[in-house]
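First up is the structure itself, then whatever we jot down about it.
Each residue takes its place number in the sequence, starting with 1. Heavy atoms only: backbone and side chains are in, while hydrogens, waters and symmetry mates are out.
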Amino acid sequence: MSMMRMGQNSRQRPPIPFRALEKVRVRPQSLVQICLRKVAENFLSYDGLDKKLGKKQLEDVYAMLDLNMSLPEAATRIADESYWKRRTQAKHRNAQVEKHGMSWKQTFLELELQDALEKMPITLDYDGPELEALRQQVMASRLHVFKLVVGQFPSHIDLSFLFDALPALCSFSVTYGNRRLGMDYERAMFGMKISDAQYLARNIRVSQTLVSLSLPCNMIDDELVKVLMGGLSYGHMLTHLDLSHNKIGDRGARRLASLLDPDYCLYSLDLSDNQIHANGCMHIGAHLAENMTCTTLNLRLNRCEDNGVSHLFQDVCVNKYLKTLNISCNDLTVRCLPYMNAMIADNSTLTELDLSANPLHQPEAEDGAPGANATQLPGGASTQLAPGRSSMVEGIDDDVADGEEEEGIGGVSMNSQLGVFARCLLRSTALLRVDVRQCGLPPELAEHISTMVKHRELRAKGIPVEAYVKSKMEQTVETAAEEEAEGDEEDAEEGAEGAEQAEGAEEGEGEQEEKAEEEN
């Protein structure tokens, strides 16, 4: 009986209360939430939801929508940035909204259109379903696409459907061909064809909004430039033109130089990594002399040499609007230094100058080089500097002759062309960035020029030079300390290895002695 009573008492005891469990209560969804979920599931069946639902209810519906919804339907019906942010981050994890107008919808639609263009097959039927689907996507995205960067375009179809349907397209970049072919390599699958240039010229001519055009790595030669100029000559709104990494020669450069005339508003011209020689560089400089819009000119990795660049420098002396000039890797020697010195002394607007990878310092050539007012250029031509343009350089030469010693920094004579060049750089108040790496300059002189120009840039930005120098010295001390610590660790490891080897050798000798004693 006692056992039965004990069992009944244990059954009648109330359950032990757990406060944590009491707080967790399963509440059923409200009728409003159920209705909103059904609306989200059948979103495409409703029209004008923004007028039928409140702001909070509409946000809840957008939060429940499927991220794999048909793009043409989603682009025309959904404007909620939160939805497009979730969809963009789900498919394009590395997307940067800053490069797409700070709009997640614009970001997703531009990236999706770029991917669709890059994945187009080489052969495509104009009446096929693939092109029709692409046209529908373009029409759905037409008001939200401002910039397209097509890294590879395998097909060679006419892109008129793209330019005609996108009224806001202002920046376009395309590279014809495939990036990765593997064993299916074919030479004909790379570069722009004449038909592509004709299509593109027509599209540029009819476009009313295009301001930036980039055609890198398209194997464009002088003939293709001639075809493209049929459209570029009508591009009076074009401000940025990038034709880098192509095969443009002097004839193509001569045609492109006409875009620097006063009728156009080209702001930046990039012709780096082409095959432009002295003649093409001379024509670019001649048109640049009267230009009032171009602020950036890039002629890196060409073959302009001393003759072409010397004429360019003389024209830049007249130009008062160019701010950035890149002439690195153009095989410039000491013979162009008088014209470069005159340009640096006379031009007060140029702020960035890249001279890297040019053999400017050649002691043998410099010893026999002519004076600052006349230089023997390649081909036997001798060009005389204008009297007005050389006045400041002559003043610098006089100062050097009066007050400076023959041997300057790094063993370079201040009376030489290289010495005058260094003093022009140091006295210039406009140049804030100068790159003289791989120019053959003595390390001390190159370091002195870089340091002084860097200090000038810091002062222009309002940054204290003393704080910069102090931080740089601290970094140098830390780096030296780390190197010393690494060296000590390596020495210690080598010492330990040597001790182990010595112990091993002693043990080996002891074993040999024991064996000898046993044998005896």
Side-chain angles (χ1 to χ4, degrees), residues 94 99 110-111 113-122 124 147-159 162-163 169-201 203-204 210-232 235 238-253 255-257 259 266 268-277 280-281 284 296-304 326-330 354 356-357:
N94 297 325
K99 296 182 179 180
E110 289 180 351
L111 293 178
L113 186 54
Q114 290 172 190
D115 289 347
L117 292 172
E118 291 179 355
K119 295 177 181 178
M120 290 184 66
I122 299 176
L124 192 65
K147 178 181 179 181
L148 285 178
V149 181
V150 184
Q152 66 170 14
F153 190 58
S155 180
H156 295 276
I157 64 171
D158 187 4
L159 293 174
L162 200 67
F163 284 85
L169 184 63
C170 58
S171 178
F172 184 69
S173 174
V174 62
T175 299
Y176 286 86
N178 287 273
R179 284 181 298 205
R180 298 177 180 88
L181 292 176
M183 299 300 294
D184 299 329
Y185 171 81
E186 290 184 12
R187 173 65 180 79
M189 299 176 68
F190 291 91
M192 180 186 294
K193 298 182 179 180
I194 293 181
S195 58
D196 301 328
Q198 292 173 346
Y199 296 148
L200 196 57
N203 295 325
I204 296 172
L210 191 65
V211 297
S212 176
L213 178 63
S214 181
L215 303 173
C217 305
N218 280 296
M219 304 182 74
I220 300 174
D221 56 8
D222 293 342
E223 295 300 324
L224 289 178
V225 169
K226 182 179 179 180
V227 177
L228 288 173
M229 284 302 297
L232 292 174
L238 204 63
T239 60
H240 293 76
L241 181 60
D242 183 2
L243 295 174
S244 58
H245 310 291
N246 286 295
K247 296 184 176 182
I248 301 174
D250 289 341
R251 290 186 299 166
R255 291 189 173 95
L256 292 172
L259 298 178
L266 205 60
S268 173
L269 179 60
D270 189 352
L271 296 175
S272 60
D273 194 13
N274 278 282
Q275 299 176 3
I276 302 175
H277 290 76
C281 185
I284 293 175
T296 303
L297 177 62
N298 191 345
L299 295 175
R300 181 177 62 94
L301 285 170
N302 278 283
R303 299 164 178 81
C304 298
N326 190 335
I327 51 173
S328 61
C329 305
N330 271 279
D354 192 343
S356 58

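Under the 3.5 Å distance criterion, the side-chain polar atoms of S272 are left unmatched by any main-chain donor or acceptor of S244. Judged by distance alone, the side chain of T175 and the main-chain N or O of P216 form a donor-acceptor pair under 3.5 Å. At distances below 3.5 Å, not a single donor-acceptor pair connects side-chain atoms of Q275 with backbone N or O atoms of G249.
Looking at L169 and F163, their side chains come closer than 4.5 Å, going by heavy atoms from C-beta outward. Proximity of D270 to N326: side-chain heavy atoms (C-beta onward) are nowhere separated by under 4.5 Å. The side-chain heavy atoms of L299 and I284, taken from C-beta on, include a pair separated by under 4.5 Å.
A distance of 8.0 Å separates NZ of K247 from CG of D221, quoted to the nearest 0.5 Å. Between atom CE of residue M189 and atom CD of residue Q152 there is a gap of 9.5 Å, rounded to the nearest 0.5 Å. Interatomic distance, CG of L228 versus CD1 of I194, reported as 11.0 Å (0.5 Å rounding). Interatomic distance, CZ of R300 versus CG of N274, reported as 10.5 Å (0.5 Å rounding). Taken from CG in L148 to OG in S214, the straight-line distance is 12.5 Å, to the nearest 0.5 Å. In this structure, the separation between CG on L269 and CG on D242 is 9.0 Å, given to the nearest 0.5 Å.
Between L232 and the choices L266, L256, V227, the side-chain contact (heavy atoms from CB on, under 4.5 Å) rule is met once, by L256. Applying the salt bridge (charged side-chain N to carboxylate O under 4.0 Å, His left out) test between E223 and each of R255, K193, R251 identifies R251 as the sole match.
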* Decide yes or no on side-chain contact (heavy atoms from CB on, under 4.5 Å) for L224 and N218, but give the supporting numbers first. => CA-CA 10 Å; L224 289 178; N218 280 296; over 6 Å; no
* Yes or no on side-chain contact (heavy atoms from CB on, under 4.5 Å) for L210 and N203, after CA distance, side-chain angles and deciding distance? -> CA-CA 10 Å; L210 191 65; N203 295 325; over 6 Å; no
* To do: Start with the C-alpha distance between F153 and D196, add both sets of side-chain angles, then the distance that settles side-chain contact (heavy atoms from CB on, under 4.5 Å), and finish with yes or no.
  => CA-CA 11 Å; F153 190 58; D196 301 328; over 6 Å; no
* With side-chain contact (heavy atoms from CB on, under 4.5 Å) as the test, would you mind laying out the steps for L215 and L200 before giving the verdict? => CA-CA 11 Å; L215 303 173; L200 196 57; 3.6 Å; yes
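Scanning all heavy atoms of the two residues, the minimum distance from Q114 to V149 falls at OE1-N, 3.1 Å. Contact between N330 and L301 at its shortest, heavy atoms only, is ND2-N, 4.1 Å. Closest heavy-atom contact between L117 and L162: CD1-CD2, 4.0 Å. What you find for G151 and E118 is that their closest heavy atoms are N-OE2, 2.8 Å. Of all heavy-atom pairs between N246 and I220, the closest is OD1-N, 3.1 Å.
By the 30° and 60° cut-offs, the orientation of the rings of Y176 relative to H156 is parallel.
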